[in-house]
Trainee: 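Would you mind keeping the following structure in view while I ask a few things?
The sequence lines fix the lettering, A, B, ..., with proteins before strands; numbering per chain opens at 1.
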Protein chains: 2
Amino acid sequence: MPAPTSAPADPHRHDAKPRRRVGRPAAAVLDQDGITAAALQLIGKSGYDGFTMAALARTLNVAPSALYNHVSSKRDVLVLVQDHLTSFVDVSNFEAEPWDQAVRSWAWSYRDVFSKHTPLIPVIAVLPVTDAPKTLAMYEAVSAGFSRAGFPQGLIVSAIVALESFIFGSAYDVTAPADIFDSGSMADSTPNFTAAVKQQDLEGYDKPADVAFNLGLEAMIARFGTLRG
Amino acid sequence: MPAPTSAPADPHRHDAKPRRRVGRPAAAVLDQDGITAAALQLIGKSGYDGFTMAALARTLNVAPSALYNHVSSKRDVLVLVQDHLTSFVDVSNFEAEPWDQAVRSWAWSYRDVFSKHTPLIPVIAVLPVTDAPKTLAMYEAVSAGFSRAGFPQGLIVSAIVALESFIFGSAYDVTAPADIFDSGSMADSTPNFTAAVKQQDLEGYDKPADVAFNLGLEAMIARFGTLRG
DNA sequence: ATCGTAAATGAACGGCATTCATTTAGTGGT
DNA sequence: ACCACTAAATGAATGCCGTTCATTTACGAT
């Protein structure tokens with residue numbers, strides 16, 4: 001039976017709250033840039049776990065299905081975010097500084113940007129550059145720098161890819177827990193490794209991920225430098 | 001109305017098929033090794049997209065919920081698979097061959113194994129070694145090799161991490177589409193990059209991913225070799 | 001004026017990992 | 001020999017999630 005105070009059911013009655021607007025709005029409230037910005041903000045606040053199409057729609061005050069008028073999938077949104085983030089990577093030094101300095105600042109900033117966005121790495125790694133204009137612009141700036149520095153034309157892409165692979169792998173490394181190499185109760189059966197880990201802990205001023213990144217990056221810079229004509 | 005030939009509903013009647021067995025089986029049909037093997041086989045057949053707990057259970061002739069008596073999550077299964085795969089990585093050369101040769105064969109086999117399993121990389125990269133005994137065994141073999149080769153104790157872990165980061169990043173690279181760098185209609189605005197890609201295509205006998213991996217790996221081997229005491 | 005279309009809604013769908021009450025059959029203790 | 005305990009299965013249910021679709025509406029062009 002109905003609650004005593006409730007009015008009888010009437011499908012046509014007016015609610016206290018006005019009906020939510022439906023249909024074409026006065027001006028479009030959504031576009032790809034707005035979606036990208038909202039996505040980036042949501043990811044910053046809730047991480048990639050909390051980043052769902054429903055949550056994204058909520059921050060935009062819109063129904064989830066409305067998003068699909070502007071993007072074709074969640075992956076699409078991730079691509080937009082990825083491309084936007086790439087514009088934060090520092091390529092400025094390829095214009096003024098010497099080649100090795102430029103590579104260094106490029107690589108460090110690239111790693112730093114994506115170490116906070118490792119879930120994008122599987123997306124980037126297989127994404128055609130056509131779908132990511134800002135990323136393409138980065139490649140242009142970097143390869144122009146390599147070219148100007150006298151790098152053999154046929155090796156430029158390979159060298160960039162090698163550096164990029166190292167950068168992506170190292171971005172994961174940044175997010176690893178500090179005690180990831182603690183062998184715990186199995187220390188007895190792994191004496192060499194356990195000793196190496198202990199020694200590293202003793203010597204390390206900097207964060208282990210930074211030491212490893214520096215080591216690999218300098219190796220590549222040194223060796224690739226000898227390839228310049 | 002019921003179909004003419006159907007018997008009246010009777011909750012106690014015996015079906016033609018015997019009731020599915022419920023409750024404790026004569027002998028346990030599941031264990032972690034069996035789950036790991038089945039998971040690996042399923043991934044091989046259906047890829048990581050087709051790899052669901054329901055599908056895994058189906059291949060084992062078991063209800064999905066039964067899996068949770070032996071693993072605590074899907075991630076758990078992925079960890080088991082990851083650890084198993086690591087035993088396919090070749091560390092044998094650290095015992096007989098010179099250091100640089102050993103690193104080479106280790107790195108190539110490591111990359112080859114996980115290039116077919118890139119969805120595991122985010123799992124490995126942050127996984128405490130305690131949870132992956134075979135992975136820990138690999139680290140022991142590798143760090144023993146570095147130690148025997150006269151590598152300074154405090155740098156061994158950093159060097160391995162740098163190599164590993166490069167390996168993981170390069171594993172993604174293997175899976176990238178061949179025309180990933182085709183700049184298409186934007187070629188005009190990226191002359192340097194477009195030229196570099198074209199030149200690479202002309203010169204390349206080997207697969208681009210292999211050229212890049214070789215380039216980076218040899219850079220690291222050469223540089224790290226100079227650190228040995 | 002009218003017509004087409006862009007852009008919103010909300011209901012529905014299928015799939016996913018995971019949880020839970022329940023059932024059963026071995027195991028170990030008395 | 002009996003009983004209590006527990007390991008290991010079932011299947012129903014839960015709560016998300018990404019995505020689709022019919023429907024509604026208002027702007028802009030003809």
Side-chain angles (χ1 to χ4, degrees), chain A residues 11-12 14-15 17-39 42-43 46-82 119-120 122-123, chain B residues 11-12 14-15 17-39 42-43 46-82 119-120 122-123:
Chain A
H12 297 299
H14 285 274
D15 284 316
K17 289 186 179 181
R19 278 263 252 73
R20 202 68 123 107
R21 71 175 329 294
V22 171
R24 186 177 216 190
V29 300
L30 287 183
D31 59 20
Q32 288 205 344
D33 283 353
I35 290 175
T36 306
L42 175 59
I43 289 164
S46 313
Y48 280 86
D49 280 354
F51 176 60
T52 67
M53 294 300 271
L56 178 56
R58 210 174 307 127
T59 72
L60 288 161
N61 277 110
V62 136
S65 53
L67 296 170
Y68 289 86
N69 288 318
H70 305 271
V71 296
S72 68
S73 64
K74 180 179 184 178
R75 191 197 133 91
D76 234 58
V77 180
L78 293 178
V79 169
L80 291 173
V81 170
Q82 181 274 314
L120 294 178
V123 176
Chain B
H12 298 299
H14 286 274
D15 284 315
K17 288 186 178 181
R19 277 262 249 76
R20 243 312 197 145
R21 72 173 329 294
V22 170
R24 186 178 215 187
V29 300
L30 287 183
D31 59 19
Q32 289 207 342
D33 284 353
I35 290 175
T36 306
L42 175 60
I43 289 164
S46 313
Y48 281 87
D49 279 355
F51 176 60
T52 66
M53 294 299 271
L56 179 56
R58 210 175 308 125
T59 72
L60 288 161
N61 277 111
V62 133
S65 52
L67 295 169
Y68 289 85
N69 288 319
H70 304 271
V71 296
S72 66
S73 66
K74 181 178 183 178
R75 192 197 132 91
D76 232 61
V77 180
L78 292 178
V79 169
L80 291 172
V81 170
Q82 182 272 315
L120 293 177
V123 176

Trainee: What's the angle between the local helix axes at either end of the helix from C:dA1-D:dT30 to C:dT30-D:dA1, using five pairs per end and rounding to 10 degrees?
Mentor: 0°
Trainee: Please state how far atom CE in A:M53 lies from atom P in D:dG15, giving the value in whole angstrom units.
Mentor: 24 Å
Trainee: Measuring from A:K74:NZ to A:L67:CG, what's the distance to the nearest 0.5 Å?
Mentor: 11.5 Å
Trainee: Show the atom names and distances, to 0.1 Å, of all donor-acceptor pairs under 3.5 Å that link a side chain in residues 56-63 of chain A to residues at least two apart or in another chain.
Mentor:
from: A:T59; atom 1: OG1; to: A:L56; atom 2: O; distance (Å): 2.9

Trainee: In whole angstroms, how far is the P atom of D:dC16 from the CZ atom of A:R58?
Mentor: 10 Å
Trainee: For nucleotides 1-15 of chain C, just jot down a letter per nucleotide in 5' to 3' order: B, S or -, based on protein non-hydrogen atoms under 4.0 Å.
Mentor: -----BBBBB-----
Trainee: Does A:G50 or A:S72 map to a spot on DNA chain D nearer the 5' end, using the closest nucleotide for each?
Mentor: A:G50
Trainee: Could you state the interatomic distance from CG (B:L30) to NE2 (B:H70), rounded to the nearest 0.5 Å?
Mentor: 4.5 Å
Trainee: When the distance from CD of B:Q32 to P of D:dA8 is rounded to whole Å, what number comes out?
Mentor: 11 Å
Trainee: List the atom of B:D76, the atom of B:S72, and the distance in Å for their closest heavy-atom pair.
Mentor: OD1-OG, 3.4 Å
Trainee: Once side chain to side chain donor-acceptor pair (under 3.5 Å) is applied, what residue pairs with a partner in residues 24-39 of chain B remain, sequence neighbours excluded?
Mentor: none
Trainee: My understanding is that only residues two or more places apart in sequence, or in another chain, count here; which of them pass side-chain hydrogen bond (donor to acceptor under 3.5 Å, both in side chains) with B:N69?
Mentor: none
Trainee: Round to a whole Å and report the spacing from OH of A:Y68 to C1' of D:dT23.
Mentor: 19 Å
Trainee: Identify, with sequence neighbours excluded, every residue that meets side-chain contact (heavy atoms from CB on, under 4.5 Å) alongside A:S46.
Mentor: A:L42
Trainee: Which pairs with one or both residues in residues 46-68 of chain A pass ring-ring contact (aromatic ring centres under 6.0 Å, His included), sequence neighbours excluded?
Mentor: A:Y48-A:H117
